Amino acid sequence: MQSSDQSPSRRSFGSDGDESRIDSELRHLVGGEMKEIEIMEEEEEEEESSPHKETSSAEVEKKSVSSSDSKNPTSNLASESPLSPKEKPLLDRPPMEKKSGKKKKTVPAMALRKRNKSVGVASKGPSESGQDNNPDLGRFLLKQARDLVSSGDNSNYNPQKALDLALRSVKAFEACTNGKPSLELVMSLHVAAAIYCSTGQYNEAIPLLEQSIDIIPAITKGHQEEHALAKFAGYMQLGDTYAMLGQLENSTKCYSTGLDIQKQVLGKNDPRVGETCRYLAEAHVQALQFDEAQKLCQLALDIHRENGAPASLEEAADRRLMGLICETKGDHESALEHLVLASMAMVANGQEGEVAGVDCSIGDAYLSLTRYDEAIFAYQKALTSLKTKKGENHPAVGSVFVRLADLYNKTGKLKEARSYCENALRIYEKPAPGIPPEEIATGLTDISAIYESMNELEQAIKLLEKALKIYSDAPGQQSTMAGIEAQMGVIYYMMGSYSESYDSFKSAVAKLRTSGERKSAFFGIALNQMGLACVQRFAINEAVELFEEAKDVLEHECGPEHPDTLGVYSNLAGTYDAMGRLEDAIKILEYVVQVREDKLGTANPDVADEKKRLGELLKEAGRVRTRKARSLENLLDNHAANTSSHNTTNKDVITVV
């Protein structure tokens, strides 16, 4: 049975810093100010002095509710850098201001039929007022909801009240649109969805966002730009919501559709298109779709290089992400080139304080190239900068300790490696206030991988369990949790705890199915590992099902001749043999032996083992191996080709994390 390489758990490949991920509270740009409707109230002394009239407290208090002046609620769509995923969220609005001067209050005009009941009517919903087809009421309710959300840091903030106002505004706009596209209705749906997301009710937000997208007709040439902006915004916010649920496949589809709309409206070379390309590339990285991520990141680089000044901050952000992608794919030289250029661009733009993160990535590239002295220099440079800027107990300092521990472990200096691991653990076990829990979990996972490589498996499991507990409280982390559980399954397998290994893989596979990663190579490898655990537990029938599914996934993602795919073939042949399906086992093993001989040569130990297994099966079946004869010239040509391919970096190898 062949297991995948026991490699360290994967890190987060997203860009670091402000340009990494966009806050997914509200991505749309359907902005605009609420139309101001003012009703002047005159003082009537006669009414105040009348003994038969009851004076309301609202009339005496005279509060004022105001909003910014705007003729068109969506007039700022085209002017405020539309269709960019990095816009300031719509909900970031100033609180209501008090106006001085005459006594007046801003309330829906339709609500003030009787002066002495004005405030009471304004607080009612559409159904209560009896006039739910007036857009003025919808605008007022939407403004109230947005103002409440903008004061979210206030201890008195009530998200349920803000949600109720937003949903009432939706009903008010629906009643007066008569099925026609309404940007105000789209805006209210986006705000309500954002409030749902802020309270963790992501499934409730999805229907609202889908409705907002369906309201806007198909984008065609010459269509109103405001409608295009609204549709783009809806797809981006829907993609963020799916991402928070861990449904990465649905998330990337929504982002891709939004990008297509953005290109139609702004053109392919607009700088904002470049920002969206980088954002979508980061989403593909999180879904382990590195080829797509690289294409999009290169497109972003081309756009920003064409539109911006040389060595711009946008180009630096693109190159940081491209460096991480190249590093992940094994193209370390290209990664180093992009990272060095990113560092130079950041320094040129006065971002010296942010260069430490890039220096760490540069050290990683040097480490992968076994240029250890240069890696140590890069790490030490980053360490000095981070200690000065963030303090000696910041998790960023701990991450550099982890890198140094990994370096010394790979060079055989285990004492130094343990020392740096202990230094990092002291930081992660007592984090400073305000540190994101995910950052601590990532550090614990990385340290666990080092302990695993030093064969200290118990300590590695303990750290992974701590990291898993941290991620369990964070939304949208199903894929990350699946990676940790898969790594735990590998370690349990190495320890001989096959039941625990099976349980860990089973949980990981279930999360990957839910998050839409059933088409990734990582999913295929996890299935293969789970199948191995089943073999050790003598669950042969289940093992066959898992190996067959893994075979289908890896054939599609990696090809039939990829080492991971061949490993699954070999495992499947072994289980077929155990079930008595001798002919099926021989057929698969003959293909494996042929491919390995072509790729590795007949003298390779792996080939010899496979040939021995095949010979035993053929002998049992009363057959001998028949192989097509080839000329010496063909053998020499294949040997030269294999030597050339062996010297080329393999960019497709994916290991269990």
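The figures that follow rest on heavy atoms only: side chains count, while hydrogens, waters and symmetry mates do not. Source: prediction; values computed, not measured.
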Residues E249, Y242; criterion side-chain contact (heavy atoms from CB on, under 4.5 Å); working and verdict: CA-CA 9 Å; E249 185 176 359; Y242 277 128; over 6 Å; no
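- Between A205 and A193, the shortest heavy-atom contact is CB-O, 3.5 Å.
- In this structure, K466 places its NZ atom where only 12 or fewer heavy-atom neighbours from other residues, nucleotides or ligands lie under 6.0 Å away.
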Chi angles and distances behind the side-chain contact (heavy atoms from CB on, under 4.5 Å) call for D270, I303: CA-CA 7 Å; D270 190 277; I303 292 173; over 6 Å; no
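- Side-chain contact between Y196 and L167 is present, with heavy atoms from C-beta onward closer than 4.5 Å.
- Between the side chains of D260 and Q264, not a single donor N or O lies within less than 3.5 Å of an accepting N or O.
- A donor-acceptor contact closer than 3.5 angstrom links the side chains of S507 and K511.
- Here L165 contributes atom CG and L148 contributes atom CG; the two are 6.0 Å apart, rounded to the nearest 0.5 Å.
- In terms of heavy atoms, E557 sits closest to S520 at CG-C, 4.0 Å.
- A salt bridge does not link E314 with R272: none of the charged nitrogens is closer than 4.0 Å to a carboxylate oxygen.
- Put simply, the side chain of Y471 never gets that close to the backbone of P437: no donor and acceptor are under 3.5 Å apart.
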Pair I206-L245, side-chain contact (heavy atoms from CB on, under 4.5 Å): steps then yes or no: CA-CA 11 Å; I206 289 176; L245 289 170; 3.6 Å; yes
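- Taking 4.5 Å as the limit, some side-chain heavy atom of M236 sits within range of a side-chain heavy atom of T276.
- Within the 3.5 Å criterion, the main-chain N or O of R278 finds no donor-acceptor partner in the side chain of D318.
- Of all heavy-atom pairs between K389 and E354, the closest is NZ-OE2, 2.7 Å.
- Side chains of Q298 and D302 form a contact here, defined as non-hydrogen atoms less than 4.5 Å apart.
- Paired with L142 under the rule side chain to side chain contact (heavy atoms under 4.5 Å, CB included), one option of R139, Q144, R146 passes, and it is R146.
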Full working for side-chain contact (heavy atoms from CB on, under 4.5 Å) between I215 and L185: CA-CA 9 Å; I215 289 172; L185 174 56; 3.4 Å; yes
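- No side-chain donor-acceptor contact under 3.5 Å links S251 to the backbone of Q247.
- Checked for salt-bridge contact, D147 and K143 meet the test: a charged N lies under 4.0 Å from a carboxylate O.
- Scanning all heavy atoms of the two residues, the minimum distance from L386 to A396 falls at CD1-O, 3.6 Å.
- Taken to the nearest 0.5 Å, the CD atom of Q478 stands 10.5 Å off from the CD atom of E485.
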Salt bridge (Lys or Arg N to Asp or Glu O under 4.0 Å) assessment of K295 paired with D291: CA-CA 6 Å; K295 292 176 184 176; D291 290 335; over 6 Å; no
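- Atom SG in C297 sits 8.5 Å away from atom CD in E282 (nearest 0.5 Å).
- For the pair T257 and I213, the minimum side-chain heavy-atom distance is 4.5 Å or more.
- Once rounded to the nearest 0.5 Å, the distance linking CG of L163 with CD of Q201 reads 7.0 Å.
- Taken from CZ in F173 to CG in L137, the straight-line distance is 8.5 Å, to the nearest 0.5 Å.
- Ion pairing between K161 and D164 fails under the 4.0 Å rule for side-chain N and carboxylate O.
- Contact between I470 and E438 at its shortest, heavy atoms only, is CG2-N, 4.4 Å.
- A heavy-atom distance below 4.5 Å is found between the side chains of K231 and Y235.
- Judged purely by distance below 3.5 Å, without hydrogens or angles, the side chains of S312 and E315 never pair a donor atom with an acceptor atom.
- Distance check, rounded to the nearest 0.5 Å: OH of Y428 to OG of S399 gives 5.0 Å.
- Contact of the E439 side chain with the H394 side chain is registered, since non-hydrogen atoms from C-beta on lie closer than 4.5 Å.
- Side chains of T252 and H284 form a contact here, defined as non-hydrogen atoms less than 4.5 Å apart.
- Considering every non-hydrogen atom in both I435 and P395, the closest pair reads CG2-CG, 3.4 Å.
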